[in-house]
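Below is one structure, written out as structure tokens; comments come after it.
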2 protein chains.
Amino acid sequence: MVTIYDIAKRANVSPMTVSRVINKSPLIKESTRLKVEAVIRELDYVPNKQARSLTSKETRLVALVIPDISNPFFTNVARGAEDKALQLGYHLILGNTDENPDKESQYINMLMSAGVDGVLLVPSGEASASHVKKLVKRNIPFVYVDRTIPQVPADSISGDNFQTTRQLTQHLIALGHRKIALINGPSSLSNVRERDQAFRETLQLAGIEPNPAYMIETHFKQDNLGEIIAKLVSLQQGERPTAILAANNFIGVNTLRALRTLQIRVPEEMAVTCFDDPDMIPDYNPFLTVAKQPAYDMGFLGMQLLIERIQSGAPAATRKIVLPSELIIRSSTGKPQDGN
Amino acid sequence: MVTIYDIAKRANVSPMTVSRVINKSPLIKESTRLKVEAVIRELDYVPNKQARSLTSKETRLVALVIPDISNPFFTNVARGAEDKALQLGYHLILGNTDENPDKESQYINMLMSAGVDGVLLVPSGEASASHVKKLVKRNIPFVYVDRTIPQVPADSISGDNFQTTRQLTQHLIALGHRKIALINGPSSLSNVRERDQAFRETLQLAGIEPNPAYMIETHFKQDNLGEIIAKLVSLQQGERPTAILAANNFIGVNTLRALRTLQIRVPEEMAVTCFDDPDMIPDYNPFLTVAKQPAYDMGFLGMQLLIERIQSGAPAATRKIVLPSELIIRSSTGKPQDGN
DNA sequence: TATTATTTTGTTATCGGTAACAATAAAATA
DNA sequence: TATTTTATTGTTACCGATAACAAAATAATA
């Protein structure tokens, strides 16, 4: 490996002078700079970041810890985060937690050891608090994306869960639905709690009393919702919900799949809508009515917040950015059938 | 930051002893090991990888350089690569090139400086040769994924372009199509050349002479194919193709979009099929007939090849893995209409 | 118990850079 | 020309860990 010592010898200067040239120090004579630069090019020298980090204390590595890159929502978050990181000269390390706090904890440990300058984190629940505190203790900046751990304050960027839930619920109500089920994620997630609350409030504002049988808690992963859906549709005639609001794209798709198995037509017999588009490339065969959250922007802006913190260009107080989402009405929602 | 020196002082041993404990050296007395481990836990010590890398010459960082994580094909590659990397104790750095050789070159430079131990690369064309050679020069192992640069040999993992193209083409021929257009990527990509060749051969084997007007070269990015498709369908009556084979998912989707704009029905007036499923979650509203390449496996196995090379557990000769794909027949392909 | 062998621990130098200070060369001033 | 400033360059020590060798502590043997 070519080092500054090799360059120094060949250019007949001291290593320190080479270091100064590399770092564009202004107190270098033009002639020596040219001489050194020539040798650098000649030997194809690339500075060793490990050695630099040892004194500078920064690695220019940041991590993005998300549940699953396969979820199109997080794919877009990742792309946004990567674009901003590249722009500011940082490298992005990717980690999938699968909503598993243990895996998340393992990751955080590895990342601290790898010396990342900061972390963009989608926490997997209350259980994340303990390892997030480790980041605080080590003074490693981090930014919450999509969800937060209220006990451990930090900058955050997320969708407007209240506005979005209201929008989707009101869309269904406006179509005439009054028996609406909410299939939500685990209540250990802050965004889940907000969606739950907004859902209840919106119903009540419309004079509909929330029905506990319609409030279902599951998780945000790819999975089989057969039982849950079967139970819902097997409710007494007149009790069966006419619409389902899925709290994320995986739940939305799994709901459709379960309904198909049960041979229940969408939207005729059951309207379905969800948070986040399940499609990366939605425009060729759009079907689901969704509330599309600005995933790319969340990643992009989140990375910006993070790097500002890293470079201490951020105010002391934690910042909270909430982005609105867009309701996209397609064909999975319609009026309820007569008799319901 | 807590260092081995802090641990050493507190445990009344030398730093070297601490180092030995951390590295599980067998020549440490049980009692001192326990004593040191206690202090390590007490002070919440995490070893500094930068310092380690300085002597060990390895960072346990690997990079995945792909065109665009937003393409579901590469999303799956990424997930596979990350899973394997984690399993073997490596961190994955993600880079999007957007099929742009300059951006790719910039990345490779940054990655070399970051000291990655290896690179999983989807090269963006012949122009990649120059920066790939830099990796060779620096002795940084890399593995080609999906495509290769034949001038610069290295391990590779890709789909079976011949078998897959044959499958798709034969599927169309079996349906009765004889006028089939191939909308391919840029011929600077090895997989594009293979698909082109396999397409011609399959046609000829069926006694169909490839029509130059049906062989179109574009690129693999999200884009508007309006003009290209308009030109195709405006061909003389009896000359217009009845089927389109798109060489990747983006082209497939863009083709559908352009056909819809032109109000041409799929599959009645035009059958459409493509490489790679455009859907991350395809099972809720499947439409496109596709040849699904095992993207996850490509990432997973590719990472395995790479890390074997890094740890010099690989044979000297370059290895080439070719994976078969699966034909998924859905509703975007059908028999050609009468009169064609 | 003295001596040798074996365990276990400590010292020193090094990895490739850079900060802090020292020294030299060139330019400005007396 | 001698002296002071200023512009450049060089030296030394250190970042945190580890390899290579040295030394001390303990156990085994005579």
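Since the model is a prediction, treat every value here as computed from it, not as a measurement. Throughout, a chain's letter reflects where its sequence line sits, starting with A, and its residues are numbered from 1.
- Rounded to whole Å, the distance from CD1 on B:Ile4 to P on C:dT11 is 13 Å.
- Toward the 5′ end of DNA chain D lies the nearest nucleotide of A:Asn12, the other residue of the pair A:Tyr5 and A:Asn12 mapping further downstream.
- Taking atom CD of B:Glu30 as the reference point, atom C1' of C:dT9 lies 16 Å away to the nearest angstrom.
- Within the 4.0 angstrom heavy-atom criterion, no nucleotide atom of any strand lies near B:Pro15.
- Rounded to whole angstrom, the span from the CG atom of A:Leu54 across to the P atom of C:dC15 amounts to 14 Å.
- The closest donor-acceptor contact from the side chain of A:Ser53 to the backbone of B:Gln50 lies at 3.5 Å or more, if one exists at all.
- Between C:dG17 and A:Ser19, no contact under 4.0 Å exists linking OP1 or OP2 to a side-chain N or O.
- Using a 4.0 Å heavy-atom distance criterion, A:Val13 is classed as a sugar-phosphate-only contact.
- The A:Asn48 side chain lies nearest to C:dG16 when the options are C:dG16, C:dT18, D:dG16.
- Which of D:dT9, C:dT11, D:dC15 sits closest to the side chain of B:Ser14 comes down to C:dT11.
- Across D:dT18, C:dT8, C:dG16, the shortest atom-to-atom separation from the side chain of A:Ala51 is found for C:dG16.
- For A:Thr32, whose side chain is taken as the heavy atoms from C-beta onward, the closest listed nucleotide among C:dG10, D:dT9, D:dA17 is D:dT9.
- The CD-P distance, from B:Gln50 to D:dT18, rounds to 13 Å in whole Å.
- Within the 3.5 Å criterion, the main-chain N or O of A:Thr59 finds a donor-acceptor partner in the side chain of A:Asp117.
- Formation of a donor-acceptor pair under 3.5 Å by the B:Thr55 side chain with backbone atoms of B:Arg52 is found in this model.
- Summarising the geometry, the separation between NZ on B:Lys29 and P on C:dT8 is reported as 8 Å, rounded to the nearest angstrom.
- Listed pair A:Thr17 / D:dG10 meets the phosphate criterion, a side-chain N or O lying under 4.0 Å from OP1 or OP2.
- Between A:Lys57 and D:dG16 there is a side-chain N or O to OP1 or OP2 distance below 4.0 Å.
- The CG-P distance, from A:Leu27 to C:dA25, rounds to 18 Å in whole Å.
- Side-chain N/O atoms of B:Thr55 include none lying less than 4.0 angstrom from OP1 or OP2 on C:dT14.
- Under the 4.0 Å criterion applied to side-chain N and carboxylate O atoms, A:Asp98 and A:Lys103 are assigned as salt-bridge partners.
- When rounded to the nearest whole Å, the span between CD1 of B:Ile7 and C1' of D:dT18 equals 16 Å.
- Taking atom CD of B:Glu58 as the reference point, atom P of D:dA19 lies 11 Å away to the nearest angstrom.
- The side chain of A:Arg52 contributes no N or O atom lying less than 4.0 Å from OP1 or OP2 of C:dG16.
- Looking at the side chain of B:Met16, the nearest of the listed nucleotides D:dC15, D:dA19, D:dA17 is D:dA19.
- Residue A:Arg20 places its side chain closer to C:dC21 than to any other of C:dC21, D:dA17, D:dA19.
- Salt-bridge formation is detected for the pair B:Glu58/B:Arg60: a Lys NZ or Arg NE/NH1/NH2 atom is positioned less than 4.0 Å from an Asp or Glu carboxylate oxygen.
- B:Ile28 comes within 4.0 angstrom of the backbone, heavy atoms only, and of no base.
- For the residue pair B:Ser70/B:Asp68, the side-chain donor-acceptor check at 3.5 Å is satisfied.
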